[in-house]
Peer 1: 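There's a structure below that I have some questions on.
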Amino acid sequence: MINKLKSRDFPETAVESVVSGLAAEGLQSDERFTESYIHHRIERGYGPLRIRRELQERGVGEDLIEAALESLDTDWQEVAARVREKKFGSTLPPDFKEQSRQSRFLQYRGFSGEQIHRLFRTSD
């Protein structure tokens, strides 16, 4: 939040003062933002790698990101399968070319190579 306000040419001291006041009143919480952001991105079909990167870009600390991702107890394999099925249908790809195309899509969405490999390995 601080970076966003500073980028809009608000005075640095005013930004820090206001944000500190909001945090003291419980109206601004990095933890709540992180959890809410993660839930939203999972619902939109994004994987842990992309979510982590997006939160880092927004200035969220690595410790907070790690704690929030671990506390969710999300089955990323299930999320990846749901995303693949929504985009490509329930039938697994018949050939390597199509499997590669689907794998690239899932990588772009933020799923790890291992998660993607397990998804297609179930077809063997």
Peer 1: When rounded to the nearest 0.5 angstrom, what distance separates CZ in R52 from CG in L69?
Peer 2: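 These two atoms lie 5.5 Å from each other.
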
Peer 1: Roughly how far, to the nearest 0.5 Å, is NE2 of H40 from CD1 of I51?
Peer 2: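 It comes to 10.0 Å.
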
Peer 1: Which heavy atom in A80 sits nearest to a heavy atom in L119, and how many Å separate them?
Peer 2: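 Between these two residues, the closest heavy atoms are O-CD2, 4.1 Å.
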
Peer 1: Between F105 and F88, is the ring centroid distance below 6.0 Å?
Peer 2: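 Between F88 and F105, which both carry aromatic rings, the centre distance is below 6.0 Å.
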
Peer 1: Using only atom types and a distance under 3.5 Å, with no angle test, would you say the side chain of S36 pairs donor to acceptor with the backbone of F33?
Peer 2: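 Such a contact is absent between S36 side chain and F33 backbone.
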
Peer 1: Check the pair F111, V79 against side chain to side chain contact (heavy atoms under 4.5 Å, CB included), reporting the backbone distance first and the verdict last.
Peer 2: CA-CA 9 Å; F111 295 98; V79 175; 3.7 Å; yes

Peer 1: Starting at NE2 of H117, measure out to OG of S103 and round the result to the nearest 0.5 Å.
Peer 2: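 One gets 10.0 Å once the value is rounded to the nearest 0.5 Å.
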
Peer 1: Same hydrophobic cluster for Y46 and L64, using side-chain heavy-atom links shorter than 4.5 Å among ILVMFWY?
Peer 2: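 Yes, one cluster joins them.
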
Peer 1: Answer yes or no: is there a donor N or O on one side and an acceptor on the other, between the side chain of R101 and the main chain of K97, under 3.5 Å?
Peer 2: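 No; judged by distance alone, with no hydrogens or angles, the pair does not exist.
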
Peer 1: Looking at every heavy atom in both P93 and E98, which two are closest together, and how far apart are they?
Peer 2: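 In terms of heavy atoms, the two residues are closest at CB-CG, 3.6 Å.
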
Peer 1: Answer whether the closest heavy-atom distance between the side chains of L72 and H39 falls below 4.5 Å.
Peer 2: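 A side-chain contact under 4.5 Å exists here.
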
Peer 1: So how far is it from I65 CD1 to T34 OG1, rounded to the nearest 0.5 Å?
Peer 2: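 The distance works out to 7.0 Å.
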
Peer 1: Report whether V60 and Y37 are members of the same hydrophobic cluster (ILVMFWY, side-chain heavy atoms less than 4.5 Å apart, transitive linking).
Peer 2: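 V60 clusters together with Y37.
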
Peer 1: Sorted by first residue and then second, give each side chain to side chain donor-acceptor pair (under 3.5 Å) pair with at least one member in residues 72-82; sequence neighbours left out.
Peer 2: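 Counting only pairs at least two positions apart or across chains, the side chain to side chain donor-acceptor pair (under 3.5 Å) contacts touching residues 72-82 are Q77-R118.
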
Peer 1: Working to the nearest 0.5 Å, report the span between CZ of R84 and CD of Q99.
Peer 2: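 Interatomic distance, R84 CZ to Q99 CD, rounded to 0.5 Å: 10.0 Å.
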
Peer 1: Mind checking what makes ring pair (Phe, Tyr, Trp, His ring centres under 6.0 Å) contact with Y108, not counting sequence neighbours?
Peer 2: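 With neighbours one apart ignored, the set is empty.
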
Peer 1: Taking all atoms of both residues into account, what is the closest heavy-atom pair of S112 and L49, and its distance?
Peer 2: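 Closest pair (atom of S112, atom of L49, distance): CA-CD1, 3.7 Å.
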
Peer 1: Atom CD of E66 and atom CG of L55: how far apart are they, to the nearest 0.5 Å?
Peer 2: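 If we round to the nearest 0.5 Å, E66:CD and L55:CG are 11.5 Å apart.
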
